[in-house]
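A quick write-up on the structure given underneath.
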Amino acid sequence: MSCNMMTLHEIGLAWAKKQPGIIDDLTEDSPILDMIKWKAASHKMWNAAEKLVDIDGPGWTEPDAPLPMMQASTDLVHIDLHVLGGQMEVTTQKALKFGGPKKYFADRQNWILRHAGMTTEKQIVLQNMLKAATTWKNKAGVKSNVYDAGGSGQGWFILACRFDDQVNVGLYDPDQFDSGRLLKIDFPYNGAEHVLHGSKYEGVLGYSIVYRGNFGYQLLDPERTVAAIVNIDETHKPSVTMIDDMLAQVRSQPGSTYLFCGPRAKIHGINPYKTENVQLVNGDTDARTRIETWNGISIVTSHNIDDKIAHVAK
């Protein structure tokens with residue numbers, strides 16, 4: 001794993017020194033978001049990257065034979081960052097009852113940020129990682145990174161993800177840390193009372209606050225970095241070989257690779273391999289039926305992705 005990649009917590013320690021608590025608020029209810037690795041975008045609001053499409057490397061020759069030509073073909077990829085943020089309003093009378101607008105907003109900041117973290121985590125897992133794993137096809141047109149547990153209707157999934165600083169990594173705008181903050185906080189109208197525009201308060205006098213941060217996601221090589229077991233339900237679980245093969249497909253390595261899933265995907269898809277072999281003896285006070293790692297690869301569960309998804313065709 002490259003040293004250029006950092007978790008949000010590490011970014012906070014390095015750059016966002018004026019907002020150390022915001023990192024914890026963002027990731028408190030989003031354990032997968034806490035594991036995701038990030039790096040600085042090359043051009044602040046967008047990132048330029050080279051995607052390897054073909055390579056001819058060195059080969060073996062006789063001592064006096066000509067050396068083969070080597071080449072690497074790449075495509076230039078442009079990835080835009082998006083804004084993570086939102087705005088909140090409060091009427092003047094309500095703000096005064098709660099100690100003023102700044103105190104009102106400060107008291108609710110952790111709730112807002114926790115929800116932002118949960119939404120961001122779900123977006124990245126479902127719309128970036130899982131989507132790439134379940135739609136990528138090899139040269140033969142086969143979805144070789146999708147493993148079917150056998151359920152016929154809606155089901156849970158287990159996602160294998162290996163972070164890489166070039167082909168599977170989050171992106172952030174390094175300039176947003178100029179003031180030592182992970183998210184830029186602004187008070188429109190310099191914090192003065194103004195006419196609100198939200199649907200609940202349109203035309204009413206009050207105060208506003210805006211949170212903004214620039215982030216994106218770069219996934220250029222799904223074949224070797226993301227794979228998924230899908231269609232897991234109460235009566236269909238993946239085989240041991242299926243899980244091992246999925247990890248082999250992403251070239252798993254402890255420290256850079258994780259298994260992401262919802263709690264029920266783990267209950268029905270992974271834990272049975274321990275519960276089937278649990279033996280209790282006299283004096284035992286705790287039945288340990290959970291598996292925390294699979295051959296050295298950490299399993300990270302999140303309630304944000306615990307809902308079943310539509311059946312995935314292989």
Side-chain angles (χ1 to χ4, degrees), residues 1 5 32 35-37 46-57 71-80 82 121-171 216-233 236-253 256-262 265 269-270 294-295 297 299-300 305 307-314:
M1 182 175 65
M5 296 192 297
I32 295 176
M35 297 291 107
I36 291 175
K37 313 298 181 183
W46 59 279
N47 192 66
E50 281 190 298
K51 181 179 180 181
L52 183 67
V53 294
D54 194 20
I55 185 169
D56 292 322
Q71 65 176 356
S73 300
T74 61
D75 288 338
L76 186 63
V77 180
H78 176 111
I79 299 171
D80 289 318
H82 302 283
E121 177 184 273
K122 190 172 183 178
Q123 172 76 16
I124 292 175
V125 172
L126 297 182
Q127 299 302 321
N128 292 97
M129 298 175 180
L130 182 64
K131 183 177 180 179
T134 55
T135 58
W136 184 86
K137 296 180 181 179
N138 61 22
K139 293 180 180 179
V142 177
K143 294 182 179 179
S144 58
N145 285 37
V146 180
Y147 299 81
D148 191 347
S152 59
Q154 292 185 327
W156 298 290
F157 65 88
I158 300 171
L159 178 76
C161 174
R162 177 175 61 84
F163 293 109
D164 180 277
D165 68 333
Q166 298 300 318
V167 296
N168 187 14
V169 64
L171 303 168
Y217 205 84
Q218 177 170 292
L219 214 172
L220 304 181
D221 187 8
E223 179 185 12
R224 296 175 178 85
T225 58
V226 287
I229 299 172
V230 296
N231 304 326
I232 300 168
D233 61 25
H236 296 86
K237 67 176 188 246
S239 66
V240 170
T241 301
M242 199 178 289
I243 300 173
D244 288 342
D245 193 73
M246 177 177 66
L247 289 172
Q249 178 66 24
V250 300
R251 283 70 172 169
S252 65
Q253 298 175 356
S256 65
T257 309
Y258 298 88
L259 288 172
F260 297 144
C261 61
I270 295 178
W294 188 280
N295 292 333
I297 304 302
I299 303 168
V300 183
I305 57 171
D307 293 336
K308 287 184 175 180
I309 62 172
H311 183 270
V312 179
K314 179 75 165 76

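Side chains included, hydrogens not; waters and symmetry mates left out as well; all remaining heavy atoms used. These numbers come from a predicted model, not from an experiment.
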Donor-acceptor check, side chain of [X] to backbone of [Y], threshold 3.5 angstrom: yes or no?
X	Y	result
His311	Asn231	no
Asn47	Gln218	no
Arg162	Arg224	yes

Between [X] and [Y], which heavy-atom pair has the shortest distance, and what is it?
X	Y	answer
Val169	Asp164	CB-O, 3.4 Å
Val250	Thr225	CG1-C, 3.6 Å
Asp233	Lys308	CB-NZ, 4.3 Å
Ala313	Lys143	O-NZ, 3.4 Å
Gln249	Ala227	CG-CB, 4.5 Å
Cys261	Phe157	CB-O, 3.5 Å

Quick check for you: to the nearest 0.5 Å, what is the distance between [X] atom [atom1] and [Y] atom [atom2]?
X	Y	atom1	atom2	value
Ile158	Ile270	CD1	CD1	4.0 Å
Asn145	Asp245	CG	CG	9.5 Å
Gln154	Asp307	CD	CG	9.0 Å
Gln253	Ile297	CD	CD1	8.5 Å
Met246	Tyr147	CE	OH	7.5 Å
Thr257	Met35	OG1	CE	13.5 Å

Identify each donor-acceptor pair in which a side-chain atom of residues 123-136 lies under 3.5 Å from a protein atom, sequence neighbours left out, and give them as a table.
| unit_1 | atom_1 | unit_2 | atom_2 | d |
| --- | --- | --- | --- | --- |
| Thr134 | OG1 | Leu130 | O | 2.8 |
| Thr134 | OG1 | Lys131 | O | 3.4 |
| Thr135 | OG1 | Lys131 | O | 2.6 |

Is Lys122 atom NZ crowded by more than 12 heavy atoms from other residues, nucleotides or ligands, each under 6.0 Å away?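 Check fails, neighbour count at 12 or below.
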
Is the number of heavy atoms from other residues, nucleotides or ligands within 6.0 Å of NZ (Lys314) greater than 12?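 Atom NZ in Lys314 is crowded, with more than 12 foreign heavy atoms closer than 6.0 Å.
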
For Asn295 and Ile243, run side chain to side chain contact (heavy atoms under 4.5 Å, CB included): C-alpha distance rounded to whole Å, both residues' side-chain angles, the deciding distance at 0.1 Å, then the answer. CA-CA 10 Å; Asn295 292 333; Ile243 300 173; over 6 Å; no

List in chain and number order the residues that pass salt bridge (charged side-chain N to carboxylate O under 4.0 Å, His left out) with Asp148, two or more places apart in sequence or in another chain; answer none if no residue qualifies.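 With sequence neighbours excluded, Asp148 shows a salt bridge (charged side-chain N to carboxylate O under 4.0 Å, His left out) to no residue whatsoever.
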
Using a 4.5 Å cut-off on heavy atoms from C-beta on, say whether the side chain of [Y] contacts that of [X].
X	Y	result
Leu259	Leu247	yes
Asn168	Leu219	yes
Trp294	Asp244	yes

Establish, from distance only, whether the side-chain atoms of His78 and Asp80 form a donor-acceptor pair under 3.5 Å. yes

Would you please name every residue forming a side-chain hydrogen bond (donor to acceptor under 3.5 Å, both in side chains) with Glu223, sequence neighbours left out?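 Once residues adjacent in sequence are excluded, Glu223 has no partner under the side-chain hydrogen bond (donor to acceptor under 3.5 Å, both in side chains) criterion.
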
For the residue pair Phe260 and Phe163, does the interplanar ring angle fall in the parallel (under 30°), tilted (30 to 60°) or perpendicular (over 60°) class? tilted

